[in-house]
J.: 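Got a structure here, written out as structure tokens. Questions coming.
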Amino acid sequence: MKKIYLIALCLFGINTFAQKKIVVDVPNKVSEIQPTMWGVFFEDINMGADGGIYAELIKNRSFEFAKPLMGWNIEYPAEAKKEVLVKLRHEGEILVQNRMDKTSANPRYLTVTVNNTQKGELGLSNEGFKGMGFKSGLRYDFSVLARVITGSVKMHVELLNAKKEIIGSTLVTPNSKEWSKIESSFNALASEPKGTFRIWFEGTGVVDLDMISLFPSDTWKGRKGGMRADMIQLLADMKPGFVRFPGGCIVEGFDLNNRYQWKKTLGPIEERQLIMNRWNIEFTHRPAPDYFQTFGLGFFEYFQLCDDIGAAPLPILNCGMACQFNSAEVVPLDQLQPYIDDALDLIEFANGDVSTKWGKTRADMGHPAPFNLTMMGIGNENWGPQYIERLKIFTKAIKAKYPTMKIVNSSGIDPESRIFQHLNTELRAMNADIIDEHYYNKPEWFLKNASRYDSYDRNGSKVFAGEYAAQSVQTVSPNNKNTWQCAMSEAAFMTGLERNAAVVEMASYAPLFAHADGWQWTPDLIWVDNLRSYGTPNYYVQKLYSNNKGTHVLPITESGSTIAGKDSLYAAAAWDKNANEVIIKVVNVSGKAQNHELSLAGVKKLDPKAKAFVMQKDNLEEVNTFENATNVSPAEQDITVDVKKKIINLSLPAKSFIVYRVKVLDK
Ligand code: AHR
């Protein structure tokens, strides 16, 4: 009976694949793996910056949105009639003023007029970015720019829970005739994921208000007016080799006026002119009329973030072309100089001595040391002869002044298109430093393309897999999910990126963040709401790769061939010269478990104790959620090495991705 059971098991059960002899040739360091290999792509999409990592809780703090009071409500007693609101709004008690000064980045402000007004009779409330998250006991920092015109006006500042009960408050009274910043900090007395904010005005007088702001105190590194710590921690935990910023399509803008201009994102926040976020109007099925880029986070803050988490900065600049899916505007070639100046000045801003104009700007903002910029992108998903002719002018100017600066070049939107073929040929003929390839495709595409780079020229331009994500339904479908199937197919594909680290020097999943109530694009690596955040299965795949990067590619073969899909198996191996460890990544995408023998050839002595980090789910549709944030995530296991035979047994469950780390004691 036992025998029949065993035969049945072999025929139909756990291992219908013949046992393979897999070999890692440890002394054979094929090529280096760049420290930049695994990074992150950041864009203000899906409320990634405003309402996301930028911890500001007030939406439209400077009244500069297209509708000046968007996000705000005028408050008056509940029993009052609608006519009261009409009177308040249109007869001037709350008046939107516009300085009509074309040089001002922040022309609008509010004038509030009260006349023997009691608390509860006239106020303003702010809905936040899909509500506001408050944490019990946490300090909140309120600030406002104010100027007293006449009299005295008290401001009762309140945090409200979803039932409109007060869960935190402070009182400020503007007293300066000149614009001045008033600050007051106070604690929230209860937690609330969907709170709001309110100010009641009291007294008799007239006061001007601008930049009404509220930040939690538990920001990343405790910086005032800083970033949301839980979201940044998830990034830091990945130990990314680079951060690409600020996008994405927002680099290009809907039209050239709407393009990202880094110089306008520096200095005091009240002087940073906001613009509409192009994701505001991109998808009619996901409208976001209240999506603007306030630039509270600007280029200084992105460089500082890179510095904080030890990632190389990779800024992408507009090349003189707006998004070719939108207006497709181009700047005439004889007017390209300001765009080129932006690129040259950015290098000075990042690396220049403090005696230079832009180096001094950096120092004045608090970072005299250089940011060590070594690469920059010119254009995002731009294509056509218009791109090439602009790119050539940029390249000539940048290389003339900064010969070692590496330039990342666009190859369009689809690596299988005619557009790509044309650009790729042109760029390689130009000896381009790095070519940015983007692929948003079905999981099957990722499996089929695990060998994509095996045939790329080792001596030609390098590749940046700058945006990729497996799409469970189809690109830009709102029904795409971050399933285990998608994550596992990316893990399989990434074995091909790592094996070809001689060509692929950088890779990043995209997009990075999404707010559960405010997204435009799915899937995304990390999901958040007002208080919580979690990594998707895709996040854990990226993190496993990045935390187990290694320094050199090692050959891993079966019968002399790379392992890139035969019998549903994908594998890559790396040497980590700092830890003296061999790192093996294996993906079994089949529905059957597989057991294989892996021999570590060319080593003298191995540590008998090794580690495996296992991601596995039988159900390919499994996802992570706020409630079950680590449902699909790695489990650490101890494994034993046969030190005599220099063998480890690969026990690969169905639908699994495993990273092994084996220490070499003596080579
Ligand atoms: O990642 C979302 C978008 O996809 C990026 O903004 C763009 O570069 C690509 O089309």
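Indexing begins at 1, ligand by ligand and atom by atom, following the structure's order. Hydrogens, waters and symmetry mates are skipped; everything else that's a heavy atom, side chains included, is used.
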J.: Report, in ascending order of atom number, the atoms of ligand 1 lying under 4.0 Å from any heavy atom of Glu43.
T.: 5 (C), 6 (O)

J.: Do any heavy atoms of Asn380 fall under 4.0 Å from ligand 1?
T.: yes

J.: Around atom 1 (O) of ligand 1, find the nearest protein heavy atom and jot down its residue, atom name and distance.
T.: Tyr440 OH, 2.8 Å

J.: Checking Glu416 now: which residues fulfil side-chain contact (heavy atoms from CB on, under 4.5 Å) with it, not counting sequence neighbours?
T.: Asp414, Trp445, Asn449

J.: Which ligand 1 atoms, with their elements, are less than 4.0 angstrom from a heavy-atom of Gly248?
T.: 5 (C), 6 (O), 8 (O)

J.: Tell me, please: is Trp279 in heavy-atom contact with ligand 1, that is, under 4.0 Å?
T.: yes

J.: On the 0 to 90° scale, with breaks at 30° and 60°, tag the Phe371-Phe349 ring pair as parallel, tilted or perpendicular.
T.: tilted

J.: Indicate yes or no: does an N/O atom of Cys249 lie under 3.5 Å from an N/O atom of ligand 1?
T.: yes

J.: Backbone, side chain, both or neither: what part of Ile250 comes under 4.0 angstrom of ligand 1, heavy atoms only?
T.: neither

J.: Quick one: nearest non-hydrogen protein atom to atom 10 (O) of ligand 1, plus distance?
T.: Glu381 OE1, 2.6 Å

J.: Between Glu498 and Lys549, does any side-chain N to carboxylate O distance fall below 4.0 Å?
T.: no

J.: Considering only NZ, NE, NH1 and NH2 on the basic side and carboxylate oxygens on the acidic side, decide whether Asp308 and Arg223 come within less than 4.0 Å.
T.: yes

J.: Would you check if Leu57 and Pro216 make a side-chain contact, meaning some heavy-atom pair closer than 4.5 Å?
T.: yes

J.: Would you give the length of the straight line joining atom OG of Ser62 to atom CD1 of Ile269, rounded to the nearest 0.5 angstrom?
T.: 9.0 Å

J.: Which protein non-hydrogen atom lies closest to atom 8 (O) of ligand 1, naming both residue and atom, and how far is it?
T.: Glu467 OE2, 2.6 Å

J.: Would you please classify the geometry between the His285 ring and the Phe283 ring as parallel, tilted or perpendicular, with 30° and 60° separating the classes?
T.: tilted

J.: Would Pro511 count as a contact of ligand 1 if the rule is a heavy atom under 4.0 Å away?
T.: yes

